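First the structure, in the form of structure tokens, and then the observations on it.
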Amino acid sequence: MNKIGVIFDLDGVIVDTAKYHFLAWKDLADHLGFEFTEAHNELLKGVSRVRSLEILLDIGNIELSEEKKQEYLVSKNDHYLEYIYKMGPEEILPGANELLNTLDALGIPYVLGSASKNAPLILKQVGLFNRFAGIVDGNSVSKAKPDPEVFLIGAQKLHLLPEQCVVFEDAIAGVEAANRAHMISVGIGDAKTLHEADFNFNSLTEIPDNFIEMLMRKTAEIQ
Ligand code: G6P
Ligand code: MG
């Protein structure tokens with residue numbers, strides 16, 4: 001068996017914070033006077049906060065000064081944090097705890113690789129912060145997904161080669177980033193949307209018991 005490590009995206013894989021991002025962005029869109037739908041919200045998944053605002057303003061066909069943009073980035077995040085501070089362990093997505101337990105039992109290290117600057121806070125809120133061997137978040141990267149930077153830093157934290165890393169992702173940009181990093185990509189969510197992933201599951205609960213051991217054998221064959 002070969003040594004492998006795992007890199008988890010946060011939003012949409014470990015917890016469902018997309019609904020809180022939606023409420024906070026929708027509030028801003030309401031304030032600016034245009035409609036922002038759940039379908040629009042899909043475009044913001046895996047995308048940085050700054051880029052999310054740009055996409056939102058494009059949807060509303062609105063141009064703002066840099067100063068106003070900064071103001072809205074702060075107010076949106078303040079609003080979002082009101083929801084985050086109410087989160088608890090009950091918001092961990094089904095199958096996540098079980099998967100972390102499996103990795104612990106197999107001695108496989110795992111780190112976080114998220115675009116969110118709020119990732120450490122969210123992990124603390126749901127009681128998972130101390131389980132991760134390392135955290136790469138929106139504060140530690142200069143290039144957003146689909147750039148592979150976030151996952152390559154994750155591989156360094158795992159002391160592993162990219163080819164030995166398995167990435168769990170729910171966003172198209174995240175799967176692309178993992179593939180560009182030459183890692184094994186596992187898409188969590190709609191298989192059609194995430195068709196570029198090496199493996200697909202609708203949710204973490206669908207991952208077979210022997211999946212991780214199968215990946216260990218697979219990476220051993222490659223190297
Ligand atoms: C994740 C989410 C995105 C979000 C980004 C930044 O990748 O999927 O929807 O925009 O994090 O989150 P932040 O907490 O820094 O605003
Ligand atoms: Mg995500």
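Numbering of ligands and ligand atoms starts at 1, following listing order. Given the structure is predicted, the values throughout are model-derived calculations rather than measurements.
Using a 4.0 Å cut-off between a side-chain N of Lys or Arg and a carboxylate O of Asp or Glu, Arg180 and Glu176 qualify as a salt bridge. For Glu169 and Lys145, the salt-bridge test passes: some basic side-chain N is under 4.0 Å from an acidic carboxylate O.
Taking the centre and axis of the six-membered ring of Phe129, the NZ or CZ atom of Lys124 falls inside the cone set by 45° and 6.0 Å.
Of all protein heavy atoms, the one lying nearest to atom 11 (O) of ligand 1 is Asp11 OD2, 3.3 Å. Ranking protein heavy atoms by distance to atom 4 (C) of ligand 1, first place goes to Val47 O, 3.1 Å. If you check which protein heavy atom lies closest to atom 15 (O) of ligand 1, you get Lys117 N, 2.7 Å. Closest to atom 9 (O) of ligand 1, if we only count protein heavy atoms, is Leu44 O, 2.8 Å. With respect to atom 8 (O) of ligand 1, the closest heavy atom belonging to the protein is Gly46 N, 2.8 Å.
Checking only distances, Arg49 does come within under 3.5 Å of ligand 1, N or O to N or O. Here's the thing with Tyr80: none of its N/O atoms is less than 3.5 angstrom from an N/O atom of ligand 1. At least one N/O-N/O distance between Ser116 and ligand 1 falls below 3.5 Å.
Although no hydrogens or angles enter the test, the distance criterion places no donor-acceptor pair under 3.5 Å between the side chain of Thr193 and the main chain of Gly189. Proximity of a side-chain donor or acceptor of Gln164 to a complementary backbone N or O of Leu160 within less than 3.5 Å is not detected. Asp11 places no side-chain N or O within donor-acceptor distance of the main-chain N or O of Ala18, the cut-off being under 3.5 Å. With hydrogens and angles ignored, the 3.5 Å screen pairs a side-chain donor or acceptor of Ser185 with a backbone N or O of Asp198.
Asp170 has its closest N, O or S atom to the Mg ion (ligand 2) at the position named OD1. For Asp9, the N, O or S atom with the smallest separation from the Mg ion (ligand 2) is OD2.
Of the heavy atoms in His21, only side-chain atoms (C-beta onward) come closer than 4.0 Å to ligand 1. Both the backbone and the side chain of Asn118 come within 4.0 Å of ligand 1, judged by heavy-atom distances. Counting heavy atoms under 4.0 Å from ligand 1, residue Asp9 does not touch it at all.
Centroid-to-centroid, the aromatic rings of Tyr80 and Tyr20 stay 6.0 Å apart or farther.
Under a 4.0 Å heavy-atom criterion, Ser52 is in contact with ligand 1. A heavy-atom separation below 4.0 Å is not found between Ser114 and ligand 1.
Ligand 1 places these atoms under 4.0 Å from at least one heavy atom of Lys45: 8 (O), 9 (O).
Within 6.0 Å of the CG atom in Asp209, the count of heavy atoms belonging to other residues, nucleotides or ligands does not exceed 12.
Neither side chain, Asn200 nor Asp190, offers a donor N or O lying under 3.5 Å from an acceptor on the other. Counting only N and O atoms by type, the side chains of Ser140 and Asp137 include a donor and acceptor under 3.5 Å apart.
For Asp11, the nearest N, O or S atom to the Mg ion (ligand 2) falls under 2.8 Å.
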